[in-house]
Amino acid sequence: MMKKLLLGGMLSAALFATVSGAEAPQLTPEQQAQLMQMLQQQKPAIKIEDAVKDLPAVLAKVNGKDFTKADLVAALKQQFSGDMLPGGVTAEMVKERAGMIVTGAVTQELMQQAMKNAGFVPSAKLVKDLLAKSMKDAPKEEIEAFNKYLASQKKTLDQFIDERAKDPKLQEGAAMQMFMEDKVLKGISATEADALKYYNENKARFVEPKVDAAAEKAALDKTGKLLAELKANPAKFAELAKANSKCGSKDNGGSLGAFGKGQMVPEFEKAAYALKVGELSAPVKTQFGYHIIRRDASDAKDAAGSIRASHILIQPEPTMVPIPFDKVKADLVAMLTAAKQREAMQAFSAKLLKDANFKLMIAEPAKK
C-alpha cells in the first residue's frame, strides 16, 4: 500500500469513535473514507449545529481562553468541508463522545500551530514531493496497477499529481506529515533486535499450516476406503458426503448442481466430463484435496454443454509448523516501528495539551 498523507485526522478519529464506542483510533485517510462511506449508507447526515446544540457554550479551557461550542462547530466544518457530519453520526453519538471530540479538535488546533511555529507551510510543492516519494518507494506491482487505473481514467501521473497538489487539505496534510516526521518521529524506529525479541516472546503466533507426505497419504487412504464403500453401496453417497466431505456441498449430499466448462478447476472438470451418469471416479487430486466424483443426470433446464455432478472432498490434515524469523522479520520491524511512532505521537499530543493548560469542561464518557 502506498504511503498515505497524514491529514491531521485526530478529530475525524474521535468523531468516528462515537459509532463504535471505542477509544479514538488512529485511522488512515483511506480507512476514514471507507468508514465514512459505510456510515453514509446507514443514516442520513445531520447539520453540525444540530449535532452540538445540546452541548454547553464553553467546552474547554486552552491557554486560559475558552474553547466554545462555536469553536467546535468551526473545527468540524473545516474538517468535513461543509455544514454536515458524515452520514450515520447522530447527535446522541456526538453528545456521548463530546469530550473525546473536543480533545481531538483542540489537539489538532495545537498541532497546526506547532507546525506553523516550526516553519512548515502548506504548499502544492510539499504534496508533489510526498507523492513522488510514495511512488518511488511503492512496490513495482502497485505502481503498474496504479498506472493502469490512471489510464482507465484517461489521466497521466503528472495530471493526477497536479490535481492532488491543488487540494488545500492535502497541502495541510503534507505540511503536517513533514512536521511530524522531522520534529516528532525522526529516529524512532524498531530494530531487527526488537523484532527478534518480539518473535521469541510470541512464538505461538508465528506458525503456519503445512501438509506433509504422511497427511497426504492419510487423506488418499481415507478417500480410497470411502470409494470402496460407495462401490459396495452407491446409495450411501449423500450420507457419506454429509459425514466426511470438507466442501459446503455436503449439506446437499455433495451435489454441486449444474456447471459448464471452465467453472471447475481443470483436474476436476476433466474427470467429471469423462464419467457416465451414475459412474464414480477414482480419487481425483486438485489444489483442494482428493475428490470422489459422481456424474448425475442432467435437467432439461440445464444450459447446453453443462453437466451435473456430486462429490466428496477429503483434505489432508495440516500440522502447524514454525514460521522462520527471516520470513517475518521485515513485517515485524514495520509493525513495531508503527507502534513506537504511535506512542511518540500520543506523547507529543499529550505534551501539547499539558503545555496549553488544557482543561476539559464537560464530563468524559464512562469507560466501559
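Numbers here are sequence positions counted from 1.
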Measure the spacing between [atom1] of [X] and [atom2] of [Y] and express it to the nearest 0.5 Å.
{"X": "Asp71", "Y": "Glu109", "atom1": "CG", "atom2": "CD", "value": "6.5 Å"}
{"X": "Ile101", "Y": "Glu96", "atom1": "CD1", "atom2": "CD", "value": "9.5 Å"}
{"X": "Phe179", "Y": "Lys116", "atom1": "CZ", "atom2": "NZ", "value": "12.0 Å"}

[X]/[Y] ion pair, N-O < 4.0 Å:
{"X": "Asp296", "Y": "Arg294", "result": "yes"}
{"X": "Lys217", "Y": "Asp221", "result": "yes"}
{"X": "Asp129", "Y": "Lys125", "result": "yes"}
{"X": "Glu192", "Y": "Lys329", "result": "yes"}
{"X": "Glu144", "Y": "Lys148", "result": "no"}
{"X": "Lys61", "Y": "Asp66", "result": "yes"}

Polar side chain donor-acceptor pair, [X] to [Y], under 3.5 angstrom:
{"X": "Tyr290", "Y": "Glu216", "answer": "yes"}
{"X": "Lys169", "Y": "Ser81", "answer": "yes"}
{"X": "Gln113", "Y": "Asn117", "answer": "yes"}
{"X": "Asn252", "Y": "Ser249", "answer": "no"}
{"X": "Gln79", "Y": "Gln108", "answer": "yes"}

Quick test of your reading: applying ring-ring contact (aromatic ring centres under 6.0 Å, His included), list the pairs with at least one residue in residues 205-254, sequence neighbours left out, ordered by first then second residue. Tyr199-Phe206

Lys261 to Tyr273 six-membered ring, cation-pi geometry met (6.0 Å, 45°): yes

Is it true that, when you exclude Lys95 itself, more than 12 heavy atoms of the residues, nucleotides or ligands shown sit nearer than 6.0 Å to its NZ?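 Open.
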
Please check if atom NZ in Lys69 has more than 12 non-hydrogen atoms from other residues, nucleotides or ligands closer than 6.0 Å. yes

Quick one: do Glu201 and Lys197 satisfy salt bridge (charged side-chain N to carboxylate O under 4.0 Å, His left out)? Show the steps, please. CA-CA 6 Å; Glu201 291 175 352; Lys197 181 175 182 293; 2.8 Å; yes

Linking I/L/V/M/F/W/Y whenever their side-chain heavy atoms sit closer than 4.5 Å, directly or via other members, would Ile161 and Val127 fall into one cluster?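 Linked, Ile161 and Val127 end up in one cluster.
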
Would you say the side-chain atoms of [X] pair up with the backbone N or O of [Y], donor to acceptor, closer than 3.5 Å?
{"X": "Ser134", "Y": "Leu130", "result": "yes"}
{"X": "Asp50", "Y": "Ile46", "result": "no"}
{"X": "Glu172", "Y": "Pro122", "result": "no"}

Test salt bridge (charged side-chain N to carboxylate O under 4.0 Å, His left out) on Asp83 and Lys77; report intermediate values, then the result. CA-CA 6 Å; Asp83 296 331; Lys77 285 186 176 182; 3.4 Å; yes

Under the side-chain contact (heavy atoms from CB on, under 4.5 Å) rule, collect the residues that match up with Met264, sequence neighbours excluded. Leu256, Phe259, Phe268, Glu269

Of the non-hydrogen atoms in Ser189 and Asp194, which two are nearest, and what is the gap between them? O-OD2, 4.5 Å

